Structure formats: C-alpha cells, structure tokens
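The next block holds one structure in the form of structure tokens; read it before the comments.
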There are 2 protein chains.
Amino acid sequence: MTTSTGGRPRDAGRDVAILEATLDLLTEVGYDDLTTAEVARRAGAGKATIYRRWPSKAELVLAAVGRMGGDPPRLADLPDTGTLRGDLAALFRPQTPADDERSLGVMRGLTSLLSQSPELAEAASNAMVGPFVESQRLLMQRAVDRGEVPDGADVATVARVTPAMTAFRLAVERRPVDVDELMHLVDVVVLPALRVAPPG
Amino acid sequence: MTTSTGGRPRDAGRDVAILEATLDLLTEVGYDDLTTAEVARRAGAGKATIYRRWPSKAELVLAAVGRMGGDPPRLADLPDTGTLRGDLAALFRPQTPADDERSLGVMRGLTSLLSQSPELAEAASNAMVGPFVESQRLLMQRAVDRGEVPDGADVATVARVTPAMTAFRLAVERRPVDVDELMHLVDVVVLPALRVAPPG
DNA sequence: CAGTTCTGGTACTGACAAGTACCGGAACTG
DNA sequence: CAGTTCCGGTACTTGTCAGTACCAGAACTG
C-alpha cells in the first residue's frame, strides 16, 4: 500500500499517445492483426512502456476502446429541430468526417475483438452502440413529452432498432451505411412503430 | 483435363465427417481457436485428408458454413396460421432444440471469422441471415397479397429488422435471444411498421 | 501382379507475435 | 551525490499453429 516515492515519475502523456495509436491501428487492421510492436512504433514508445501500464494486449485495446465512448449523451447537447424526424436526421449527420470514419473503422476492427471474450464484447458494445442508443432514447422521450409521439410508446425498444441494424451492417455484412438508408429506415420502421405520421 | 483413372477412389463420406466436425468445433470455440488438427482428430481423419480437399482453413470453414444454409426457403414449407403474427411466431419457434443450438453457436463462432475477409463475411452472412430474411419476406408478401397488410408496405426493409437485431444480439452483444423478446419486437416494431393493428 | 491414389497418423518446418529482459540514459527523491 | 523508476529501443524467449512431408497400409485399375 506504500506508494513508492523515489524515481522518475510516470509520464501520463505517454498513456494518451499509446491509446491513440492503438485506436488508429485498430481501425486499420483489426484486433487480430494489431501488434503491440506496431503500436509502440507509432506512439514512439517502447514495448516495455506499454506493458508497464497494461498487462496484456487485450487490456490495452479495452482501455483504448473505453476512451471512445466518452461521457454519456445529454439532452441539452443533442439536436433540437422541433420534430423527431429532424432530430434523428441531425443525429445521423456525422459531426466531422473524421469522427464518422473513426467509429466506422473501430466497429470494423472490433469484429475480431468480439470473439475473444464476452467481457471484451460487452465493453466494446457499450462504448460503441450504447451512446447511440441512449441519444435516440432521449430524443424519442422528448418527442413523447411534447406530444409528438403518443404516450405509451415503447421508446426503449424502438431506440435500439437503427443502432442494431447499423452495427449489423458494419460488423456482420461489412458494408458501409449511409445517411439516406438510415432515414429510409426511420421513415419505414421507426416512425411508424412510434405511431408518428409519415412525412409528405 | 485427363481425370486420372487408377488408384484408390476418394471417399466422399470423409467430406461429410470432416465438415460436420468443422461445424461442431466452430460452434464451440470460434474460428480463431479452431485448429485443423482438432478437426482431424474429431473426424477421425488425417490432416492430409483435409488439405487434399480444401486448400486452407478458411476454405474449409467456408465450405462447412455453406452447407448450413441449405435450399432457399419456399413458401409452401413455411408456417401458415392465417395471420402474419402467427406465422412469425411459428417461424421463430425452433424446429428442434438441436437446430436452434447449432445456429446460435455457429453465429457466435462466426464472429471471429467475419474479421478475416469481406468475402468470408459475405458468405457467412448469406448462409446464416439470408434464409431468415427471405422467409420473413415471403410471409409478409403473402400477408400483403391476402390483404392483411396494406399494399405499398416496404416488405423488403421490414423483413430485415428482426434478423438484423438477432444477429446483432448474438454476434456483438453475445447474449442469447429468446422467442418472447422476438415477439415483443414483432408487436412493437414490425407489425406497426407494416400498419397492422396490434393484437389484444 | 505392378502402379497409382487414396486412408489415418505422426513428425516436422516456418512464420508470426505476445510477452520478457536488458540496455544506456533521463528524471525524480532525499 | 546514491538510489529508484521512468523512458525509448533492441534482442530474445516461448508457444502456437497452418501447412507440408512422409509413412505403412488399403482400395482401386489393368
């Protein structure tokens, strides 16, 4: 329990560089082909520096993925266009192309990670899909509160539809998903399920 | 082009034994941890016998998975209860527990296969998810034809919802899916999307 | 019979990568 | 100063496993 006192202090900045390099590499080659040697090279670090912080490759990737999720979404930060359809359209529009590219690549890379253990799969799923579901849940609940969506709608279930189908597309079929397809899904499945009149 | 004539003929029965063993092992340990040595041991075969038929582990697993799909579903073979909801309920009820266990296990095992190449991913997806989607599409189209579902419904899109969410649950979240949950999804999402009045 | 290709089984090669062990040097404590 | 723990970098150990090479025997052709 005695935190050793002497010696050179650990540079927290190296953690960031290593995790960033891990995430980049994960998007490019996937978990299986990610090597700690390459992570070290890109981070400008030694392998010892990595293994001093994380006991295994799995823990390293887990930490890197965990960083992605960030804070849970808050309603105040979400789009507010006046209609649920508009809110969802705004939600699907990627903030920056880089963000979009990264989450797509990470999802692809995670496919191989999923096979390692349920524990890793859960963490990955939570980090990637969880915030997306929660954002939709908040938007839908607000639509219920303002009367756009009839009360009693099963928001929790419907909020899972597009994230699940997106994850399926990326992880299983391995095809990209574009915003038009997502909006088609919203018009054909999500809004009818919530008993919202279709547009046009 | 000259098919050599002499020599001991190849025993087609070994193909079956090897592919069965491959499928079994795939459900148990997944693609990454599947070794050709263990496949050979379970099939009571030599590794040479495997590699004489399939040039690589990937091709072997691909052949094993391809066997699963079988013939495309035909409307005459699908349940016909009089209502779309009843048909879907009958579709979800597994024919035999063994079938159910196997497809669940294979989906789990395939998670790691998906990361290998888009080609393998596509084959796996087609074999596993394709028939499920097609069955639902046929049932929904029949419901349209008999007037239970309004014309103009986007059957092709809605038919993908539960297969995608099932695959997502199995492959990404790695949790089992039970029939009650699927029927809840039918009542809350699928039927409303098709403009069918909810039961009760 | 001889010649060929199959069979299960074992042993081997070759490549790859996780994790460990050091190195010389840097940054801290006391 | 001495002592400790960090740093990047390199070399090494260790284990795994796909794929190959053989073997001795079996099943065929002619």
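If you're wondering where the values come from, they're calculated on a predicted model, not measured in any experiment. The basis for the numbers below is simple: all heavy atoms, side chains too, and nothing from hydrogens, waters or symmetry mates. Naming: A, B, ... by sequence-line order, numbering from 1 per chain.
- Between the NZ atom of Lys57(B) and the C1' atom of dA15(C) there is a distance of 15 Å, rounded to whole Å.
- Mapping Ala48(B) and Tyr51(B) onto DNA chain D by nearest heavy atom places Tyr51(B) at the nucleotide closer to the 5' end.
- Distances shown here put every side-chain N or O of Arg14(A) at or beyond 4.0 Å from the OP1 or OP2 atom of dC6(D).
- Counting only heavy atoms from C-beta on, Thr35(B) has its side chain closest to dC17(D) among dA26(C), dC6(C), dC17(D).
- Atom CG in Leu25(B) sits roughly 14 Å away from atom C1' in dC17(D) (whole-Å rounding).
- The backbone N or O of Ala43(A) sits less than 3.5 Å from a side-chain atom of Arg14(A), completing a donor-acceptor pair.
- If you measure from atom CD of Glu38(B) to atom P of dG8(C), you get 15 Å, rounded to the nearest angstrom.
- Across all strands, Leu34(A) comes closer than 4.0 Å only to sugar-phosphate atoms, never to a base (heavy-atom distances).
- Comment: Arg67(B) engages Glu20(B) in a salt bridge, judged by a side-chain N to carboxylate O separation of less than 4.0 angstrom.
- Distance CZ (Arg10(A)) to C1' (dG8(D)): 15 Å, rounded to an integer number of Å.
- The listed nucleotides are dC6(D), dA27(D), dG8(C); the one nearest the side chain of Arg8(A) is dC6(D).
- Phosphate proximity of dA18(C) to Thr36(A): present, with a side-chain N or O under 4.0 Å from OP1 or OP2.
- A straight line from CZ of Arg52(B) to C1' of dT20(D) spans 12 Å, rounded to a whole angstrom.
- Nearest-nucleotide mapping onto DNA chain C: of Ser56(A) and Gly7(A), the residue sitting toward the 5' end is Ser56(A).
- Atoms CD1 (Ile50(B)) and C1' (dG9(C)) sit 12 Å apart, rounded to a whole Å.
- Note that Lys57(B) lies in the cation-pi zone of Tyr31(B), set by a 6.0 Å cut-off to the ring centre and a 45° limit from the axis.
- Residues Arg160(A) and Val129(A) are not in side-chain contact: their nearest non-hydrogen atoms beyond the backbone lie 4.5 Å or more apart.
- Counting heavy atoms of neighbouring residues, nucleotides and ligands inside a 6.0 Å radius, atom CG of Asp178(A) exceeds 12 of them.
- As a whole-Å value, the separation of Asp33(B) CG from dG15(D) C1' is 14 Å.
- You won't find any donor-acceptor pair under 3.5 Å spanning the side chain of Lys47(A) and the base of dG8(D), going by distance alone.
- To the nearest angstrom, P of dA11(D) lies 16 Å from CZ of Arg41(A).
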